[in-house]
Chemist: 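One structure is given below, represented as structure tokens, and several questions about it will come after.
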Amino acid sequence: MATSYKDLGLVNTREMFAKAVKGGYAIPAFNFNTMEQMQAIVMAAVETKSPVIMQVSKGARNYANGTILRNLAKGAVEYAKELGCANPQIVLHLDHGDSFELCKDCIDNGFSSVMIDGSALPYEENIALTKKVVEYAHKFDVTVEAELGVLAGVEDEVCAAESHYTKPEEVVDFATRTGCDSLAISIGTSHGAHKFTPEQCTLVNGVLVPPPLAFDVLHEIEKKLPGFPIVLHGSSSVPQDEVKTINQYGGKLEAAIGIPEEQLREASKSAVCKINIDSDSRLAMTAAIRKYMAENPSHFDPRQYLKPARENMKKMYIHKIVNVLGSNDKL
Ligand code: G3H
Ligand code: 13P
Ligand code: ZN
């Protein structure tokens, strides 16, 4: 028996993207794999009165089980209400769907939004696959994110050595022929905690500053597709205080460099209306756990170290919402 996202109290992205593009802010899209991440996301969204996209990758489904994650998202809506939010705006989104079958399975099982990532395919094949997913998804009022251009680094199980910026001359044809609801583009972001090598960066006041995102490409795309929702993947900023904590307490993260938050702030004011953040949550969780473990070597109850981990993630989510994306006070 199919489960509609509407029965779970979830919403699709259509209305929230329209408002975000008009209002010059971006909706946070936070990946989650565990109950603690879900709780931290909901607490942050409720406290800041922000709409939120909770996204599940194929890897997350393999780790936690799709049914469990869907029910966590259902719980998220009820939990948000319990925390005092009368009208939570929560999307359950499939991140980097790589086949029609996976997208269909999510659409049939409570997801309100899916991404079909055909970015590694030849252009016409990306169009054909995306169109097939859109036709199925729209029958159920599920929204679809597509991708054009290639990000460097790991995209779930897809790995690209270098990025290829999205070609602005292709976006109108792609969006029109596929009917997708939003488009992920490549302008210099990439996945993971090692987005740039130190050699690619400039040393400014002791801080490694990476090369700027290709805002010219973004603005050209905006001109070609006025008001169309644009998505940025790979948008963790890799906070250096978390990296430092991890290394201080036994970790070994070398040359971890992310996207400067000022650039994400600037992007949020444009047609970019969804910003994907996963690695920063992993860093916040790991830093808190490493610190707790080092300072409390005799403790072994997972609740003791998962509590500060959850608090640290919540703090990070609130910071992104309020100080970077500007999606607070929008409910
Ligand atoms: O885009 C990649 C996301 O960070 C998901 O990562 O496939 O390891 O869950 P994952
Ligand atoms: P980060 O690795 O920069 O957090 O990117 C996450 C992402 O794009 C998920 O799709
Ligand atoms: Zn991604």
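Owing to the predicted nature of the structure, the values given are computational and were not obtained by experimental measurement. Counting starts at 1 for both ligands and their atoms, in listed order.
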Chemist: Identify the protein heavy atom lying closest to atom 7 (C) of ligand 2, giving its residue, its atom name and the separation to 0.1 Å.
Modeler: His191 CD2, 3.3 Å
Chemist: Within a distance under 4.0 Å of any heavy atom of Ile277, pick out the atoms of ligand 2 and give their elements.
Modeler: 4 (O)
Chemist: Applying a heavy-atom cut-off of 4.0 Å, say which part of Asn31 lies close to ligand 1: side chain, backbone, both or neither.
Modeler: side chain
Chemist: Just need the protein heavy atom nearest to atom 3 (O) of ligand 2, so name the residue and atom and give the distance.
Modeler: Lys195 NZ, 2.5 Å
Chemist: Does the side chain of Lys274 pick up a donor-acceptor pair with the side chain of Gln55 at under 3.5 Å?
Modeler: yes
Chemist: Should you measure from each heavy atom of Ser279, which atoms of ligand 2 turn up under 4.0 Å away?
Modeler: 1 (P), 2 (O), 4 (O)
Chemist: Would Lys330 count as a cation-pi partner of Tyr25, with NZ or CZ less than 6.0 Å from the six-membered ring centre and within 45° of the ring normal?
Modeler: yes
Chemist: Is there a side-chain hydrogen bond (donor to acceptor under 3.5 Å, both in side chains) between Glu145 and His233? Walk through the geometry before answering.
Modeler: CA-CA 11 Å; Glu145 174 184 328; His233 282 246; 2.7 Å; yes
Chemist: Side-chain donor-acceptor pair under 3.5 Å between Lys74 and Thr3, yes or no?
Modeler: no
Chemist: Check contact between Arg282 and ligand 1, using heavy atoms of the residue and a distance below 4.0 angstrom.
Modeler: yes
Chemist: Do His319 and Glu261 have a side chain donor and acceptor closer than 3.5 Å?
Modeler: yes
Chemist: Write the atom name of the N, O or S atom in His233 that is nearest the Zn ion (ligand 3).
Modeler: ND1
Chemist: With nothing but distance in play, are any N or O atoms of Ser235 less than 3.5 Å from an N or O of ligand 2?
Modeler: yes
Chemist: Between Asn126 and Glu124, does any side-chain donor sit less than 3.5 Å from a side-chain acceptor?
Modeler: no
Chemist: Considering the heavy atoms of His96, write down every atom of ligand 2 situated less than 4.0 Å from one of them.
Modeler: 10 (O)
Chemist: For atom 10 (O) of ligand 2, what is the nearest protein heavy atom, given as residue, atom name and distance?
Modeler: Asp95 OD2, 2.7 Å
Chemist: Could you tell me whether Ser57 approaches ligand 2 through its side chain, its backbone, both or neither, with non-hydrogen atoms closer than 4.0 Å?
Modeler: neither
Chemist: Answer yes or no: is there an ion pair linking Glu135 with Lys131, defined by an N-O contact shorter than 4.0 Å?
Modeler: yes
Chemist: Under a 3.5 Å cutoff, is there a donor and acceptor pairing between the side chains of Tyr317 and Ser281?
Modeler: yes
Chemist: Looking only at heavy atoms, is any part of His96 under 4.0 Å from ligand 1, and if so is it the side chain, the backbone, or both, or is it neither?
Modeler: side chain
Chemist: Answer with yes or no whether the side chains of Thr67 and Asn71 bring together a donor and an acceptor at under 3.5 Å.
Modeler: no
Chemist: Identify, by atom number and element, the atoms of ligand 1 in contact range of Asp278, meaning under 4.0 Å from any of its heavy atoms.
Modeler: 3 (C), 4 (O), 5 (C), 6 (O)
Chemist: I'd like to check which ligand 2 atoms, numbered from 1 as shown, lie under 4.0 Å from a non-hydrogen atom of His233.
Modeler: 8 (O), 10 (O)
Chemist: Can you see whether Asn296 engages Tyr305 through a side-chain donor-acceptor pair at a distance of less than 3.5 angstrom?
Modeler: no
Chemist: For a quick check under 3.5 Å, do Ser327 and Ser50 share a side-chain donor-acceptor pair by atom type?
Modeler: yes
Chemist: So which protein heavy atom does atom 8 (O) of ligand 2 come closest to, and at what separation?
Modeler: Gly234 N, 2.8 Å
Chemist: Are Arg282 and ligand 2 in contact, using a heavy-atom cut-off of under 4.0 Å?
Modeler: no
Chemist: Report the part of Asn31 in contact with ligand 2, treating N, CA, C, O as backbone and CB onward as side chain, heavy atoms under 4.0 Å; options are side chain, backbone, both, neither.
Modeler: side chain
Chemist: Find all atoms of ligand 1 within a distance of less than 4.0 Å from any non-hydrogen atom belonging to Asp95, and give their numbers and elements.
Modeler: 1 (O), 3 (C)
